[in-house]
Each structure stands twice: as C-alpha cells, then as structure tokens.
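Residue numbers begin at 1 in each chain, while the letters A, B, ... track the order of the sequences.
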Amino acid sequence: MTTFFFYVMVLLAILIGAYLYRVLQGPTIFDRVLGLNGISTKAIILFIVIGTYSERVNMFIDISTGYALINLVGALAVAKYLEQKGLP
Amino acid sequence: MDILSIIFIVAGLFFMIVAAIGVVRLPDVFSRSHAVSLTDSLGAFLMLVGIAFHEGLGKNTLKILVVLALLYILNPVIAHATIRAAFRSGVKPWQKKSS
Amino acid sequence: MALFVFWVLISASFEWIHLGLGLVFSFAVAWINSGHSLFVPKFRLWLRILLYLPWLFYKIIESSLYLSKLILHPALPIDPQLVSVDSKLRHHAAVVLLGNSITLTPGTITVEVDSNKLIVHAMDKVLSEDIESKQIESKIADIFKDEEPDL
C-alpha cells in the first residue's frame, strides 16, 4: 500500500508538470491564472497523499485547509485586479 | 477495504490525467476552464474518498470531508472570477470554423 | 451555528474548554457580523439543500463522463457557445446556488451574472440544451418555494 501511494505521488507531480507547461506557454494572462488554480488544487491533494504516505495525516490536513483558504484569497485578488486593468 | 480505496484513487487519477490532457490540448481560456473544473469536481472527490476509505472511521476522515466540502464551495468561485475577468476584458471565445 | 460546527471540525478536540470557547466565539462573531440581529436557523431549507446534493452529484458524474469522452476523442469535436439564461428565481441565495451548480458541473460555466440573468459558456450542443431545459432551475425553485422573495 505504501508503494502504491508513492507511485500516486509521482504521477501527481508529473501532472503538475503538464499544468506548468500551460502556465509558461499560455497565450493570454488568464491561461496562466487558470493553470495556477489547477496546480493549487493538485497541491492540496498532494499534501494529503504525502500525509497518508508518511502516516501523519492529521497534521497535513490542517496545512491543506489553510492552503485552500489562502489560495481563494489570492486568486480572487488577481482576478479582481485583472478585471479592472483590462487586457494587457 | 484496501482494494476499494485503490479502485477509487485510480478512478480519480484517470479523471485527473484526462483533465491535464484537456488543459494542454484545448484551444482557448473558456474551454480550458472546463477541463480544470473536471479535475476539481470529480477527480478530487474520488481521490479524497479513496484516502478516507484507507484511513478508516475517525477524526481524520471527518477532516478530509471538511477539505472536500471546502474545495466544492471555493473552486466554482475561483473559476467564475477568472472567467468573468477574461470575459469583461474582451477575450473572444473560440468558435468552430463554419465552412 | 455553522461557524461552531466549523470550529469543532477544524480543532477536532472534544474537551470541555475547547467546546466552550468555540461556542462563545462563534456566536459572538455571528452576532457582530449579522447586524446585531437574532439568529433564526432555517432547518427545513438546509434539509432540502442536503437532499438536493445527491441529484447534483449524479449530474456531475454524467456530464464529466461525457466531457472526458469529448476530450479524449482524436478529432476534438467541440463546439463552444455562449447561452443566455433568464431565470425566474426570486432570491439572492437561490441565484448563487444556481450559478455554483452550473459552474461545478463540468462542461458548463457561468460567465456573467446580472441579478437573475446568467450568461453560460457551454462546451457542446448537448450540454447547452441541457442548460436551456432548466432542470436545475426547477429543482432550486422547488427548494426555495417557502421563503420570502428578496430580489
């Protein structure tokens, strides 16, 4: 079971690479913001999988909750700013 | 119980891989956001339920469900804010070429 | 109330001092933020929303299978379009719930909300017809039929 979680972690890291391609390549700036949102969702799940792998879930779940809330505030601020500024 | 959790996690990984392919492959911002919402809703749900099965009943499962509810409430808000910013600043949606 | 449940779930400790502190602080914050009004819980509304969730989840599974079939198709047969939906909902909370449900369902996303008009971006003809048939909206109107309209 532990090796299974290890392979899940590796696969999630590779998927983050796919989103990173979109962040670096994106034609408009909104593509980049969208890619960052996808990466943060992956990171929340990756935290919990890491916690299960090292058998300390109760600590890592608190970290992922805080990360989700901070991500909400950051993404809303960026979206609001871009909405007022218009297309660069 | 382990087999059930492995099934759920593999199904969640399948949806995540499909969403990553979609993010790389689709043509514009609006369609890519659909792929991201596919990850957020079904992929995250299946993976977290799989991990909850592996943990068994207890406080940790309850906290995992809290994270899941938080994702389900917050992710549509973020997606809607980004897409509304894109729409208001004048990004044209990609249309199929009518020939 | 909801804040107290959130406190208990986050701290996950069931000793008396934690429970008492959480009770005092959550009710104080709720009382300050709600304009010093008395708190009236709406149990029937919450029960109906809870009964609505499994149906929404069935819709999510159905449309995400459809969307993954579209993405994995080698010719990429997508046909994105903007649909304008005129809803008849009379509550702020109902419009919020409708927009969240539409965005949460893969393949459709809410672009713009103006009191109760929504502009929805859909991925395909099938999905946009699914929005225009107003299944979700009739379910939500069913949930909110007892409340006072405030829009």
Side-chain angles (χ1 to χ4, degrees), chain A residues 1 4-5 7-8 11-12 14-19 21-23 25-31 33-42 44-49 51-52 55 57-58 60-62 64-65 67-69 71-88, chain B residues 2 5-6 9-10 12-13 16-17 19-30 32-33 35-41 43-44 47-48 50-52 54-55 58-68 70-71 73-75 77-91:
Chain A
M1 204 64 191
F4 174 68
F5 277 117
Y7 283 117
V8 169
L11 203 54
L12 277 178
I14 293 172
L15 290 185
I16 286 180
Y19 279 82
Y21 165 76
R22 181 50 66 198
V23 173
Q25 191 70 32
T28 66
I29 195 161
F30 304 106
D31 286 309
V33 177
L34 207 65
L36 284 180
N37 288 338
I39 286 179
S40 68
T41 307
K42 291 285 183 307
I44 292 166
I45 295 169
L46 191 58
F47 273 138
I48 297 178
V49 176
T52 320
E55 298 185 347
V57 192
N58 47 4
F60 277 92
I61 286 176
D62 289 343
S64 64
T65 312
Y67 191 73
L69 291 172
N71 174 40
L72 169 80
V73 177
L76 280 186
V78 170
K80 209 71 185 169
Y81 173 68
L82 290 176
E83 189 177 317
Q84 285 173 2
K85 190 161 167 259
L87 199 62
Chain B
D2 275 357
S5 89
I6 286 179
I9 291 177
V10 167
L13 276 180
M16 283 190 174
I17 292 170
I21 292 172
V23 166
V24 174
R25 216 179 149 199
L26 287 174
D28 77 330
V29 188
F30 297 94
R32 277 175 207 139
S33 74
V36 176
S37 98
L38 182 70
T39 319
D40 290 347
S41 55
M47 289 206 62
L48 291 184
I51 293 172
H54 176 257
E55 284 297 312
K59 281 176 193 171
N60 288 336
T61 307
L62 211 61
K63 279 187 175 179
I64 287 176
L65 292 185
V66 171
V67 174
L68 190 59
L70 220 55
L71 278 181
I73 296 172
L74 301 187
N75 269 323
V77 177
I78 297 173
H80 169 66
T82 312
I83 289 305
R84 191 177 71 167
F87 185 72
R88 283 197 181 166
S89 57
V91 177

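Interface remark: A:Leu72 contributes backbone and side-chain atoms alike to the contact with chain B (heavy atom separation under 4.5 Å). The contact between A:Leu12 and chain B is made entirely by side chain atoms (from C-beta outward), counting heavy-atom distances below 4.5 Å. Both the backbone and the side chain of B:Ala19 come within contact range of chain A, each with at least one heavy atom under 4.5 Å from a heavy atom of that chain. For chain A, the nearby parts of B:Ile6 are the backbone and the side chain; heavy atoms of each come within less than 4.5 Å. For A:Ile14, no part sits under 4.5 Å from any heavy atom of chain B, backbone or side chain.
The CG atom of A:Leu11 lies 4.5 Å from the CD1 atom of B:Ile17; values are rounded to the nearest 0.5 Å. Summarising the geometry, atom CG belonging to A:Asn37 is positioned 12.0 Å from atom OG belonging to B:Ser37; distances are rounded to the nearest 0.5 Å. Rounded to the nearest 0.5 angstrom, A:Leu36 CG and B:Ile78 CD1 are separated by 11.0 Å. Atom-to-atom distance recorded for B:Ile9:CD1 and A:Phe5:CZ is 4.0 Å, nearest 0.5 angstrom. Here the straight-line distance linking atom OG of A:Ser40 with atom CG of B:Asn75 works out to 7.0 Å at 0.5 Å rounding. Atom CZ of B:Arg32 sits about 8.5 Å away from atom CG of A:Leu34, to the nearest 0.5 Å.
Of the listed residues B:Val23, B:Val36, B:Val67, the one with more heavy-atom pairs under 4.5 angstrom with chain A than any other is B:Val23. Options A:Thr41, A:Val49, A:Leu76 differ in how many heavy-atom pairs under 4.5 Å they form with chain B, and the most are formed by A:Thr41. Each of A:Gln25, A:Lys80, A:Lys42 has some count of heavy-atom pairs under 4.5 Å with chain B, and the biggest count is that of A:Lys42.
Here the closest non-hydrogen pair linking A:Ala68 and B:Leu74 is O-CD1, 4.0 Å. Considering all non-hydrogen atoms of both residues, A:Ala79 and B:Ala85 come closest at O-CB, 3.5 Å. Across A:Leu15 and B:Met16, no two heavy atoms sit closer than the pair CD1-CB, 3.7 Å.
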